[in-house]
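Every heavy atom of this structure was used, including side-chain atoms; hydrogens, water molecules and symmetry mates were not. Residue numbering restarts at 1 for every chain, and letters A, B, ... go by the order of the sequence lines.
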Amino acid sequence: MGKRQWLSTALAAVLAVTMVGCSNGAGGGNTPENTPAAVTGEGSAQQEPVTFTYYSFSTGKDVMASDTVIGKELQKQTGVDWKMEFLVGDVKTKSGVMIASGDYPDVIVPEGEIDKLMDAGAFIELDELIEEHGPNIKRVYGPYMDKFRQADGKIYHLPFSANIGYIGDPNISQGAFWIQRSVLKEFGYPKIKTLDEYFDLIKKYKEKYPQVDGKDIIGFVTFAGVADNFFTLTNPAMHLAGYPNDGDVIVDMQTHEAKVYQAGEYEKRWVQKLNEINAEGLFDPESFVMNKDQYLAKLTSGRVLGYFNYGWQVGDATNNLKMAGIDEKRYAPLPIVFDETIKDQYIDPPAFVNNRGIGISVKAKDPVRIIQYFDNLLKEENQILVQWGIKGETYSVDENGRFYLDDDQKTKRDDPEFKRTFGFQYFEYSWPRYGNNSLLADGNAYAVGNQPEVASAGYTEGDKKILEAYGAQTFSGYFSKPDNRPWYPAWSINKGQGTPEQMFGQKASDLQKKYLPRLILAKPGEFESIWNEYTGEFGKLDAKGYEEFVTKIVKDRAAGNW
Amino acid sequence: MERTIINPAPVTAKKPARRGGGLQPFFRKLLQQRMLVLMSVPFLLWLFLFKYVPLWGWTIAFQKYRPAKAFNDQEWVGWANFKFLFQDETFYQVLRNTLVMSSIKLVLGFVTAITLAILLNELRNIVFKRVVQTISYLPHFISWVVAASIISTALAPEGIVNILLMKLNLIDQPVLWLGKGEYFWGILGASEVWKDVGWNTIVYLAAITTIDPSQYEAAEIDGASRFQRILHITLPGLKPVIIILLIMNLGHILEAGFEPQYLLGNGMTVDYSDNLDIFVLKYGMDMGNYSLATAAGMFKTVVSFVFLLSANTIAKRMGESRLF
Amino acid sequence: MSDLSASRKRYNSWSDKIFDICNIIFLCMLVVVTLYPFINMFALSFNNANDSIRGGIYLWPREWTWENYKYIFNESSIYHATLISALRTIVGTVISVFCTAMLAYTVSRQEFVLRKFVTIAFVFTMYFSGGLIPGYLLIRELDLINSFWVYIFPGIIGVFNMIVVRSFIEGLPEGIMESAKIDGAGEFMTFIRIVLPLTVPALATISLFVAVGQWNSWFDVFLYNSSRIELSTLQYELMKILSTSNTAANSMSAADQFAAGQSGASMVTPTSIRATMTIIASLPIIMVYPFLQKYFVKGMTVGGVKG
């Protein structure tokens, strides 16, 4: 049996090589510049229908690309269809057996398993293919190419964040301190900037209204009961000190030195503040034991005055509150920092995430057809297709050429089922693409959510009141603009498998999980001694080595060597 | 056919034939018992293929294993993975937690399942008996994710448990049950019983059906009370099954699972809730370190064998039924 | 019959009554706590998913809806998957129970020369495993990937089940098998004609164990057959639906952090889907259960196996 398999694999390989050879020969005559025409022109000779396999290590519903409107259109252009499969079950198990057996699909979106798959040699190098068949790939990725070459200087995957131009997200989908709108309203929309002001306001409100619907008001809650989400308790230390989300380090703007902030001055200040408000009865101790359902139930109960989280973590709760339509029970994001003098940096700077993307596997039947498909996909009109859809059907254009969604189109956009059947769900993200913050050639935003017209059309009366009070057009308008950080984000730095750096990360976060709850719930008098115990334990870990490791890569990146 | 030849002295003839007589009699016997051989040896081959062949994977424990590489290209590291395991200070803590949680589960699981089987057996209304039995096994079909969510809702500061205890004046303010390490083992043990007691009862119920009803009748005529009948008929009738299951489960002493611990545990209880499987998950699978996971698996196997063989020997010494 | 009524009379003593009452009260309490999770799942599955986010659903839905069920039953793949699940449950259970019982019979024969060897060889395998990847590579070498038989072959013998049946056979009165042999029946016929009928309670028990295992398993589908939709099972399809219903919000992978903010209001949530699939997946088991149950829930008042 083994022999037969081996034989058939070999045969397939030989066939593939011959086919590549042939198509190389056939396609060789085309100069890259006239590819748009050429690709369609080649149709008759080379475009007989073919189906490739696409595997993504993120979750989703399996589909044949041609069953979606977008997939069908792209098939019309290229003759290529995709059997798209998504992860079900444990990601590590899947990648382990995929690598061990070498049974790769044609195209892989490796997500967090990218290191393992790269290490295993699962991808083919793309340099030559891009050179020969990828004029659009070069146009989009050209400026970034050096940022995603592997150690051997070759390109093996195409990331998803190659921005062309820049437009920020009008809403806060990232981290912020959130406050219930009734608190802001009660005190006449005061300008609050520091952590002390934030908690003072909450305290004042709670003193005035200790109960709601017969239940005690909860001052502040965090989401630290589920192991994977503990970072929502630890990350604020970094944000409060005026840094964007760089993971477990903060990076100095001048020296580019990376520093672990765990068990440091910032974390102490943050945790001690929580200890203080806990003593005043403002902190919900259930923060450390709740699961996600319980947490979301609390946020939608109207009892919680404040919380810190990333917008994408509490989407279900914010949607629920929005649909309930009681504006005062909804929350508004605030750019809170430690001191008046600190500039907030909650909004992500333009980032290039080089450790995510899509690659062609070594088992791919016809890499040339695939790279041509990628290239075709990156044409501006197809990029509009995958983001905005079809004019008049899924988006509208006003007399100034600005894209917007009318009510009907907006409803459709919000319907997950429509997003699937139309194909947005399958094509808007995990393919070669422009970065989310890109601008189209005509000045419209690339991502629908980033188009100011779309964002402001979705604002309620309550939203407008807050924006007016803080003098901004959009919610991100009253947050500081992000400074340019050429290394950003540091969390995408590859720590490798089973390295001392990875071990440090695990040990350090274990310590955080164990000590932070104790510190916060301790009597204020005991805080110092527990803190000393914590830092003593932390001191046993090699934070220095880790910082040196990250600093080196940050400096490299800042110097342009990604 | 050939049976008649062997049967007259099945017990006395057996031992000398195997021990003393060398190979010749053994093969003769094998030939005589060819039907039994035919009925079992194919499964031995199956066993060898599916269970013993994959044991080559244990070599991974001595490598710095990379799944993509061929066997010959792997880097050999000797006992390094075992050293990492045994030198890590948290290892002994998770080992302790594993042993304690398994022991609780073992004792509690046995006692409750046997008790429930007996209580059901004492019911006279057959419909009620069936209904109770059916319902009691339902929680087995609920995933731990769901079960943990129900448990943590019940144990929340405003959950049913706190409300009840407050009403009964047993506590004067809500307790954060899942936030105290010292309660964790008890909560976990109770949760496991709740989830699986009905399921675990099934095998004892089946065993009870084999008890000869005339024994009960005789006991009644002798005027034995309810408890005496349970003590002298039902329990002795269950004894062989209980002992066999006990021996088997003792071998699983390090297999406490990780789902409930992972789902119910949190930062405040890690010192009590993290067990061996979670440790392996964190430092093994999550880091793509199959070698460490394999080394831990081998360690568990060694411990299992020690427990299994000791339990079996003790059962043998005491003249009880045993596993092998 | 007369024996039975005699025992009935005996039950009516004072202490017996108290025992009965306490027993019934206790078992009623047990019913309450063990039934609750199902009632809770039922309520959640019929409650509007968006409303369930607010919590507080315990015994009864607050905002009735069929949406959660519609969401799952709209998934056309689950019908064929249910068929495969039923098929693997039936085929897998019949084969495994028969083989396990047969093997158990051989190792219950005291005079069988390989008895100890076979028993030990099997028992040991309960306590080790070569690991995930060697197991996968074996299945691959055997060409069982993308095949129905991968659901059946690796699980033909359950060692635990074998031991259960063995101890049952050993508990049978010795004379029965002896008499069969005197009648001239071979080992195989003794097994079929005498042992199988007499061990029905044990067989029913292990059938339940195997069937539930087969019905609930999805890991082998995930590992070996995930790219062959026509071999997918109900549990696996339900797992898929569940993982699709996890919005970007639920994952913290870096890519999602960037993709986020685009996910619209979802009509289903993982919580409500999980509740619905718990109900859907366990209903068949609950419905089949009474047919098996009658073989092992018997008591002295009805009479057991007459020896």
Side-chain angles (χ1 to χ4, degrees), chain B residues 3 6-7 10 14 26 29-30 33 35-36 39-40 43-44 46-47 50-51 53-58 60 67 119 121-122 124 126 129-130 132-136 138-139 141-142 146 150 194 198 202-203 205-206 209-213 216-217 220 226 240-241 244 251 294 301 304-305 323-324, chain C residues 3 7 10 16 19 23 27 30-31 33-35 37-38 40 102-103 106 109-114 116 118-123 125 127-128 130-131 133-135 138 154 156-157 163-164 167 171 181 186-188 201-202 205 274 278 282 285 289 293 296-301 303-305 307:
Chain B
R3 289 290 126 238
I6 303 167
N7 275 331
K14 196 174 65 180
F26 172 78
K29 215 149 188 198
L30 208 59
Q33 300 178 338
M35 204 57 207
L36 285 175
M39 287 164 74
S40 56
F43 299 118
L44 270 182
W46 169 88
L47 187 76
F50 279 94
K51 306 283 174 180
V53 168
L55 279 188
W56 69 262
W58 276 5
I60 288 174
L119 290 182
N121 189 48
E122 293 298 321
R124 275 182 283 168
I126 187 78
K129 180 176 174 177
R130 281 195 170 202
V132 173
Q133 204 272 319
T134 306
I135 290 175
S136 69
L138 284 183
F141 295 100
I142 286 187
V146 170
I150 289 173
W194 166 68
I202 292 173
V203 71
L205 285 174
T209 61
T210 62
I211 298 174
D212 185 351
Y216 287 101
E217 283 149 23
E220 298 217 23
R226 229 17 182 309
V241 177
I244 296 269
T294 312
T301 299
S304 289
F305 277 16
L323 198 50
F324 46 82
Chain C
D3 280 357
S7 56
R10 289 271 174 173
D16 273 343
F19 179 94
N23 192 9
L27 290 176
L30 183 80
V31 164
V33 293
T34 49
L35 190 57
F38 250 77
N40 186 235
M102 187 155 79
L103 186 67
T106 66
R109 306 305 303 145
Q110 297 296 327
E111 74 277 10
F112 182 32
V113 284
L114 296 177
K116 199 153 187 174
V118 174
T119 312
I120 291 178
F122 273 89
V123 165
T125 63
Y127 304 100
F128 60 68
I133 289 178
L138 174 75
I156 282 184
I157 302 287
I163 299 293
V164 168
S167 61
K181 275 156 209 158
E187 293 288 357
F188 187 70
T205 309
R274 200 178 279 118
T278 304
S282 40
I285 303 175
Y289 188 59
Q293 190 194 33
F296 53 77
V297 179
K298 280 181 183 168
M300 56 188 181
T301 49
V305 184

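If you measure heavy-atom distances from B:Ile150 to chain C, the contacts under 4.5 Å come from the side chain alone. Contacts between B:Val132 and chain C at a heavy-atom distance below 4.5 Å involve backbone atoms as well as side-chain atoms. Contact annotation for B:Leu323: both backbone and side-chain heavy atoms come within less than 4.5 Å of a heavy atom of chain C. For chain B, the nearby part of C:Val123 is the side chain; its heavy atoms alone come within less than 4.5 Å. The contact between C:Ile157 and chain B is made by backbone and side chain atoms together, counting heavy-atom distances below 4.5 Å. When heavy atoms are compared at a cutoff of 4.5 Å, C:Phe188 approaches chain B by way of both its backbone and its side chain. C:Ile163 touches chain B through its side chain: at least one heavy atom from C-beta onward sits under 4.5 Å away, while N, CA, C and O do not. Heavy-atom distances place the side chain of B:Trp46, and not its backbone, under 4.5 Å from chain C. The part of C:Ser282 that comes within reach of chain B is its side chain, from C-beta onward, which places non-hydrogen atoms under 4.5 angstrom from that chain.
C:Ser167 pairs by the side chain to side chain contact (heavy atoms under 4.5 Å, CB included) definition with B:Val241, not counting sequence neighbours. Not counting sequence neighbours, C:Tyr127 has no partner by the side chain to side chain donor-acceptor pair (under 3.5 Å) test.
Scanning both residues, C:Leu138 and B:Pro54, for their nearest heavy atoms gives CD2-CG, 3.9 Å. For the pair B:Ser40 and C:Leu103, the tightest heavy-atom approach, listed with the atom from each and the gap, is CB-CD1, 3.7 Å. Scanning both residues, B:Arg130 and C:Gln293, for their nearest heavy atoms gives O-NE2, 3.1 Å.
A 4.5 Å side-chain heavy-atom check between B:Phe43 and C:Thr106 finds every atom pair outside the cut-off. Proximity of C:Phe122 to B:Lys51: side-chain heavy atoms (C-beta onward) are nowhere separated by under 4.5 Å. A 4.5 Å side-chain heavy-atom check between C:Arg109 and B:Gln33 finds every atom pair outside the cut-off.
Each of B:Gly198, B:Gly251, B:Ser304 has some count of heavy-atom pairs under 4.5 Å with chain C, and the biggest count is that of B:Gly251. If you tally non-hydrogen atom pairs under 4.5 Å between each of C:Leu27, C:Val31, C:Thr34 and chain B, the highest count goes to C:Thr34. Contacts with chain B were tallied for C:Ile133, C:Thr119, C:Thr278, C:Val118; C:Ile133 has the most, counting heavy-atom pairs under 4.5 Å. With chain B as the partner, the residue from C:Val164, C:Leu30, C:Asn40, C:Thr125 showing the most heavy-atom pairs under 4.5 Å is C:Thr125. Comparing B:Ile202, B:Leu47, B:Val146, B:Leu30 by heavy-atom pairs within less than 4.5 Å of chain C, the highest count is held by B:Leu47. The most heavy-atom pairs under 4.5 Å with chain C, out of B:Ile142, B:Val53, B:Ile60, B:Ile135, come from B:Ile135.
The closest donor-acceptor contact from the side chain of B:Trp56 to the backbone of C:Pro134 lies at 3.5 Å or more, if one exists at all.
Atom CD1 of C:Ile120 sits about 12.0 Å away from atom CG of C:Leu114, to the nearest 0.5 Å.
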